[in-house]
Every structure is written in C-alpha cells, then in structure tokens.
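Throughout, numbering of the chain's residues begins at 1 and tracks the sequence. Keep in mind the model is a prediction, meaning the values are calculated, not measured.
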Amino acid sequence: MTNAERILTLLDTQLTSRVELTLYGRAALHLGFSDAPKEHALSRDVDAVLWLGQAEALNEETNFWEAIEHVNQELADQELYISHFFTESQVILLPDWRSSRIPISGKWTHLDLYRLGNIDLLLSKLMRDDPIDHADAQFIARASNLGVSDITAAIAKAHVPDAPEIQEQFELASRKLLKALTGS
C-alpha cells in the first residue's frame with residue numbers, strides 16, 4: 001500500500017458518513033494516472049481542494065475534521081499526514097473546475113474521491129516556479145495529451161488568487177512550461 005493509499009484508507013475507516021474529497025498534488029497524480037512516475041507514490045501527504053462552503057458543511061454534517069486529526073496523530077510517527085486543504089479561491093483553477101473532476105476508484109466505504117481534471121491539475125502545478133512542479137506539469141501535459149493551445153487557453157481563463165506572489169509565480173511557471181513544451 002502506498003503512502004496516499006495508507007492515509008486515505010485510515011481516513012475512510014474514521015469517517016462515519018459519506019465525504020466527497022477532491023485531491024490535487026502528487027497524491028492526485030499517483031492515484032489518478034496509471035502511468036505516473038514512481039516518485040509520486042513516495043509523497044508523504046495528501047492535499048485537497050474544497051469548494052466554497054464545503055469546509056463548513058463538512059464541519060456541520062460529518063466528523064471529517066475529527067477524522068483528519070485522528071489520521072494525522074496516528075501516522076505522525078511515519079511522517080504521513082493529510083493537512084493541506086485549500087478552498088477553490090486559493091488555488092489556480094478554471095471557474096468550472098468541479099465539472100471536470102475525475103473519479104478515483106478505490107475500496108473506500110465513506111470516501112467519494114476525485115482528482116482535479118487534467119487542465120486544472122496542471123494549472124495547480126503552476127502556482128510555484130519550482131522544478132518539481134515544472135516536471136509534474138510537463139507529465140500532466142504529456143499524459144493528458146494537452147496541446148500548447150489547450151494550455152494557453154486555460155492559462156488565459158484561469159482564476160488566479162489575488163496574492164501578488166502567486167500571480168508572479170504563475171506567470172513565471174506558465175512561461176517556463178510553454179517554453180518547455182514548444183522547445184523554444
């Protein structure tokens with residue numbers, strides 16, 4: 001069992017009702033692509049995007065946050081955790097990101113898992129001008145057969161958080177990705 005599977009399986013056992021969760025980051029790559037590089041399976045955490053209002057609904061309608069606390073405590077000695085939750089307004093995504101999510105199958109009782117759709121997953125990797133994120137973005141583009149025109153159109157339509165440092169990083173990372181894909 002990989003790190004992401006271990007984290008999510010434990011989370012599933014702690015939940016008392018259905019929870020819909022949208023993964024991004026390396027766990028989403030590992031679980032969402034059959035040909036993902038082996039290093040994605042080594043990721044020590046699971047990241048998720050929540051739509052606006054979802055965190056509050058999870059708090060009112062489920063034991064999700066208590067289950068997260070239990071998972072993080074139980075797996076702390078293995079340095080595995082699930083703690084990076086961002087609302088859709090904090091991540092670079094297309095406005096209709098929820099309609100393009102891709103289900104992640106597994107033997108979970110309470111989790112309904114999804115990953116960001118291909119273009120949204122790629123956009124989320126452009127939040128930082130980072131070599132690992134660049135490699136992940138290139139993998140997503142190749143594995144999803146996303147062309148330069150698809151990516152350019154998505155970059156133009158993307159919702160980018162108002163933080164100047166994210167906007168700057170997005171611009172740099174986008175340019176580098178397009179340059180790498182075009183070879184110029």
Side-chain angles (χ1 to χ4, degrees), residues 1-12 15 17-55 57-58 62 64 68 71 82-128 132-161 170 173-174 177 181:
M1 191 179 297
T2 66
N3 292 336
E5 291 167 331
R6 186 175 302 127
I7 293 165
L8 292 166
T9 298
L10 181 57
L11 175 61
D12 186 65
L15 293 169
S17 58
R18 304 288 304 168
V19 169
E20 188 174 316
L21 203 56
T22 306
L23 305 183
Y24 81 107
R26 285 206 150 181
L29 293 172
H30 165 63
L31 296 172
F33 288 90
S34 60
D35 59 345
K38 294 195 186 316
E39 65 263 17
H40 293 164
L42 302 175
S43 180
R44 304 191 72 73
D45 69 338
V46 171
D47 303 324
V49 177
L50 305 175
W51 57 81
L52 295 177
Q54 186 181 12
L58 288 170
T62 72
F64 179 75
I68 292 295
V71 168
I82 179 169
S83 63
H84 296 114
F85 297 97
F86 296 94
T87 64
E88 62 186 295
S89 65
Q90 298 172 307
V91 180
I92 299 171
L93 300 168
L94 292 176
D96 63 343
W97 68 275
R98 283 180 67 187
S99 67
S100 64
R101 296 177 304 155
I102 297 172
I104 296 175
S105 59
K107 296 180 180 179
W108 297 289
T109 303
H110 296 103
L111 282 172
D112 288 325
L113 285 180
Y114 296 83
R115 70 162 172 87
L116 288 176
N118 297 334
I119 199 71
D120 289 304
L121 195 54
L122 182 138
L123 288 170
S124 74
K125 287 294 185 174
L126 300 179
M127 287 186 64
R128 297 184 308 170
I132 293 172
D133 286 340
H134 286 298
D136 289 348
Q138 289 179 43
F139 165 76
I140 296 164
R142 284 190 311 275
S144 305
N145 294 315
L146 294 171
V148 171
S149 61
D150 301 318
I151 295 168
T152 302
I155 289 169
K157 289 188 231 173
H159 163 75
V160 182
F170 178 60
S174 296
L177 175 64
L181 295 175

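Residues satisfying the side chain to side chain contact (heavy atoms under 4.5 Å, CB included) criterion with Ala57, sequence neighbours excluded, are Glu61. Under the rule for a salt bridge (Lys or Arg N to Asp or Glu O under 4.0 Å), the partners of Asp112 that lie at least two apart in sequence or sit in another chain are Arg18. Partners of Arg115 by salt bridge (Lys or Arg N to Asp or Glu O under 4.0 Å), not counting sequence neighbours: none found. Gln138 pairs by the side chain to side chain donor-acceptor pair (under 3.5 Å) definition with nothing, not counting sequence neighbours. With sequence neighbours excluded, the residues forming a ring pair (Phe, Tyr, Trp, His ring centres under 6.0 Å) with Phe139 are Phe33, His40, listed by chain and number. Remark: Gln54 pairs with no residue by the side chain to side chain donor-acceptor pair (under 3.5 Å) rule, at least two apart or across chains. By the salt bridge (Lys or Arg N to Asp or Glu O under 4.0 Å) test, Asp120 pairs with no residue at all, sequence neighbours left out. For Thr152, the side chain to side chain contact (heavy atoms under 4.5 Å, CB included) test picks out Val148, Leu178, with sequence neighbours left out. The side chain to side chain contact (heavy atoms under 4.5 Å, CB included) search around Asp45 returns Ser43, Asp47, Tyr81, His84, not counting sequence neighbours. Considering only residues two or more places apart in sequence or on other chains, His134 meets the side chain to side chain donor-acceptor pair (under 3.5 Å) condition with Asp129. For Ser144, the side chain to side chain donor-acceptor pair (under 3.5 Å) partners are Asn118, not counting sequence neighbours.
Listed here is the closest heavy atom pair of Gly25 and Leu121: N-CD1, 4.0 Å.
Using a 4.5 Å heavy-atom cutoff, the side chains of Ser17 and Thr62 are in contact. For the pair Leu8 and Leu23, the minimum side-chain heavy-atom distance is below 4.5 Å. Counting only heavy atoms from C-beta outward, the side chains of Leu126 and Asp133 never approach each other to under 4.5 Å. The side-chain heavy atoms of Met127 and Val91, taken from C-beta on, include a pair separated by under 4.5 Å. The shortest side-chain heavy-atom distance between Leu21 and Leu50 falls under the 4.5 Å cut-off. Thr87 places none of its side-chain heavy atoms less than 4.5 Å from the side chain of Val49. With contacts defined as side-chain heavy-atom distances shorter than 4.5 Å, the pair Leu177/Leu122 qualifies. Side chains of Ile119 and Trp97 form no contact here, defined as non-hydrogen atoms less than 4.5 Å apart.
Put simply, the side chain of Asn3 gets close to the backbone of Leu42: a donor and an acceptor are under 3.5 Å apart. Counting only distance, with no hydrogens or angles, the side chain of His110 and the backbone of Leu15 share a donor-acceptor pair below 3.5 Å. A donor-acceptor distance shorter than 3.5 angstrom exists from the side chain of Arg6 to the backbone of Met1, with no hydrogens or angles considered.
Here salt bridge (charged side-chain N to carboxylate O under 4.0 Å, His left out) pairs that include residues 92-109, with residues two or more places apart or in two chains, are Glu20-Arg101.
The CD1 atom of Ile102 sits 11.5 Å away from the OG1 atom of Thr22 when rounded to the nearest 0.5 Å. Interatomic distance, CG of Asp136 versus NZ of Lys125, reported as 4.0 Å (0.5 Å rounding). Rounded to the nearest 0.5 Å, atoms CZ (Phe170) and CD1 (Ile155) are 5.0 Å apart. In this structure, CH2 on Trp108 lies 8.0 Å from CG on Asp12, to the nearest 0.5 angstrom.
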Inset, instruction - Check step by step if side chain to side chain contact (heavy atoms under 4.5 Å, CB included) holds for Ser124 and Leu116. - result: CA-CA 9 Å; Ser124 74; Leu116 288 176; 4.1 Å; yes
Inset, instruction - Would you check, one step at a time, whether the test side-chain hydrogen bond (donor to acceptor under 3.5 Å, both in side chains) holds for His159 with Ser89? - result: CA-CA 8 Å; His159 163 75; Ser89 65; 5.7 Å; no
Inset, instruction - Start with the C-alpha distance between Leu123 and Leu93, add both sets of side-chain angles, then the distance that settles side chain to side chain contact (heavy atoms under 4.5 Å, CB included), and finish with yes or no. - result: CA-CA 6 Å; Leu123 288 170; Leu93 300 168; 5.7 Å; no
Inset, instruction - Could you walk me through whether Arg44 and Arg26 pass the side chain to side chain contact (heavy atoms under 4.5 Å, CB included) test, one step at a time? - result: CA-CA 9 Å; Arg44 304 191 72 73; Arg26 285 206 150 181; over 6 Å; no
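Taking the centre of each ring, Tyr24 and Tyr114 stay at or above the 6.0 Å mark.
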